[in-house]
**Q** 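Have a look at this one before I ask anything.
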Amino acid sequence: MSVSIIIKWSGQEYPVTKLTEEDTVLDLKETIKTLTGVLPERQKLLGLKIKGKAAEDDVKLGVLKLKPNTKIMMMGSREECLEEVLAPPPDNDDVINDFDIEEDVIEVENREENLAKIARRVKDYKVEVLNQPREGKKLLVLDVDYTLFAATSMKWIEVKMKELGVTTHANYKITFMLDSAAMITVHTPKRGVVEVKPLGVIWDKFPEFYTRKNTIMFDDIGRNFLMNPQNGLKIRPFMKAHLNRDKDRELLKLSQYLKEIGKLDDFTDLNHKHWERYLSKKQGQ
């Protein structure tokens, strides 16, 4: 069943109508982020309780038994200062404590509830095409946080890609950019509820161009691949850019790997975990 909630924040009301009882508090926070720009970790939802305590992120909305159009007051501030966002990133435990997706034995990519979430993202998420997809070309999906730079919402992604010259350079033809609103949450046995990046959103949006056979995604966080483990390549995080920008050569090496696998028609037999071994073997031939 659907859940209807009204979020009151900064003198305005924001209706939330596209969630179900199977969605979690974290799903609600992600939706609120798209409406207000306030990051989930900065949101405090007053009155959203279970057994007298504030509801944790992994609690399903159905458990809260909210009445239709329940009004919830939110406290929190959005990031408005560009200097704050562009500052050198702090040490991030979330990156350091990432886990290898092999730790979770149970597969999440084919669970009905997760596929339903992807279907909703495909329906509701709007992709702004910057350059039309080209027939016969493969898809490279690049993470932004700690891979290229540090980013938050689409607003800041656009600013940073411009600052980096990605969206203004004549030789770069980025097809589209996605923000965290395209992500979904999944439940894992060992880590509870986590956010992931389902490539299925892209595949369903552009089925005539992109599939699991011709897609690869670079990310420094392994759990982001839980819905598409075969297509993910976990790279070393690009952190403390003010100290490491002249020494980090990870993407340069990976560009050579891309040139090699670009010759293939199908990526599904590749094990991207051993990309360096694969590249070394090809270069030695």
**Q** If I compare all heavy atoms of Pro133 with all of Phe206, which pair ends up nearest, and what's the gap?
**A** CG-CD2, 4.0 Å
**Q** One pair to check against salt bridge (Lys or Arg N to Asp or Glu O under 4.0 Å): Lys60 and Glu22. What are the steps and the verdict?
**A** CA-CA 6 Å; Lys60 292 186 177 181; Glu22 290 300 309; 2.8 Å; yes
**Q** Closest approach of Lys234 and Asp220, non-hydrogen atoms and distance?
**A**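 What the structure gives for the nearest pair is CE-O, 3.5 Å.
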**Q** Is there side-chain contact between Leu140 and Phe218, with heavy atoms separated by less than 4.5 Å?
**A** yes
**Q** State which residues pass side-chain contact (heavy atoms from CB on, under 4.5 Å) with Gln230; sequence neighbours excluded, sorted by chain then number.
**A** none
**Q** For the residue pair Leu45 and Lys29, establish whether any side-chain heavy-atom pair is separated by less than 4.5 Å.
**A**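 Yes. Closest side-chain heavy atoms under 4.5 Å.
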**Q** So which heavy atom on Met177 is nearest to which on Ile174, and how close?
**A** CG-CG2, 4.2 Å
**Q** In the hydrophobic cluster built from side-chain contacts under 4.5 Å, what are the other members alongside Leu26?
**A** Val193
**Q** Going by distance alone, is a donor N or O of one side chain under 3.5 Å from an acceptor N or O of the other, for Tyr125 and Asp179?
**A** yes
**Q** Output yes when Arg236 and Glu250 qualify as a salt bridge under the 4.0 Å nitrogen-oxygen rule, no when they do not.
**A** yes
**Q** Does any N or O in the side chain of Asn214 come within less than 3.5 Å of the main-chain N or O of Phe209, such that one atom is a donor and the other an acceptor?
**A** yes
**Q** Quick check: do Leu61 and Glu21 have side-chain heavy atoms less than 4.5 Å from each other?
**A**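 Not touching, per the 4.5 Å side-chain cut-off.
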**Q** Kindly indicate whether the side chain of Asp204, heavy atoms from C-beta on, has any atom under 4.5 Å from the side chain of Val201.
**A** no
**Q** List the atom of Lys49, the atom of Leu64, and the distance in Å for their closest heavy-atom pair.
**A**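 So the minimum-distance heavy-atom pair works out to O-CD2, 3.7 Å.
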**Q** Do Met217 and Asn231 touch side chain to side chain, with heavy atoms closer than 4.5 Å?
**A**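 In short, these two side chains do not touch, never coming nearer than 4.5 Å.
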**Q** Connecting only ILVMFWY residues whose side-chain heavy atoms lie within less than 4.5 Å of each other, what is the rest of Leu252's hydrophobic cluster?
**A** none
**Q** Do you know which two heavy atoms are closest between Val129 and Phe176, and how far apart they sit?
**A**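 Answer, listing the atom of Val129 first, then Phe176: CA-CB, 4.5 Å.
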**Q** Distance-only criterion, 3.5 Å: show the donor-acceptor pairs between side-chain atoms of residues 3-19 and protein atoms not counting sequence neighbours.
**A**
{"residue": "Trp9", "atom": "NE1", "partner": "Gly76", "partner atom": "O", "Å": "2.8"}
{"residue": "Glu13", "atom": "OE2", "partner": "Lys71", "partner atom": "NZ", "Å": "3.1"}

**Q** Within the structure provided, determine whether Lys197 and Asp143 are in side-chain contact (heavy-atom separation under 4.5 Å).
**A**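 When only atoms from C-beta onward are counted, Asp143 and Lys197 do touch, with a gap below 4.5 Å.
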**Q** Using a 3.5 Å cut-off and no angle test, enumerate the donor-acceptor pairs between side-chain atoms of residues 113-122 and protein atoms at least two apart in sequence or in another chain.
**A**
{"residue": "Asn114", "atom": "ND2", "partner": "Val108", "partner atom": "O", "Å": "2.9"}
{"residue": "Lys117", "atom": "NZ", "partner": "Asp27", "partner atom": "OD2", "Å": "3.4"}
{"residue": "Lys117", "atom": "NZ", "partner": "Thr185", "partner atom": "O", "Å": "2.8"}
{"residue": "Lys117", "atom": "NZ", "partner": "Thr185", "partner atom": "OG1", "Å": "3.0"}
{"residue": "Arg120", "atom": "NH2", "partner": "Asp23", "partner atom": "OD1", "Å": "2.7"}
{"residue": "Arg120", "atom": "NH2", "partner": "Asp23", "partner atom": "OD2", "Å": "3.0"}
{"residue": "Arg121", "atom": "NE", "partner": "Ala181", "partner atom": "O", "Å": "3.2"}
{"residue": "Arg121", "atom": "NE", "partner": "Met183", "partner atom": "O", "Å": "2.8"}
{"residue": "Arg121", "atom": "NH2", "partner": "Met183", "partner atom": "O", "Å": "3.2"}

**Q** Linking Ile, Leu, Val, Met, Phe, Trp and Tyr through side-chain heavy atoms less than 4.5 Å apart, which residues share a cluster with Leu46?
**A**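 Met73, Met75, which link up through side-chain heavy atoms under 4.5 Å apart, make up the rest of the cluster.
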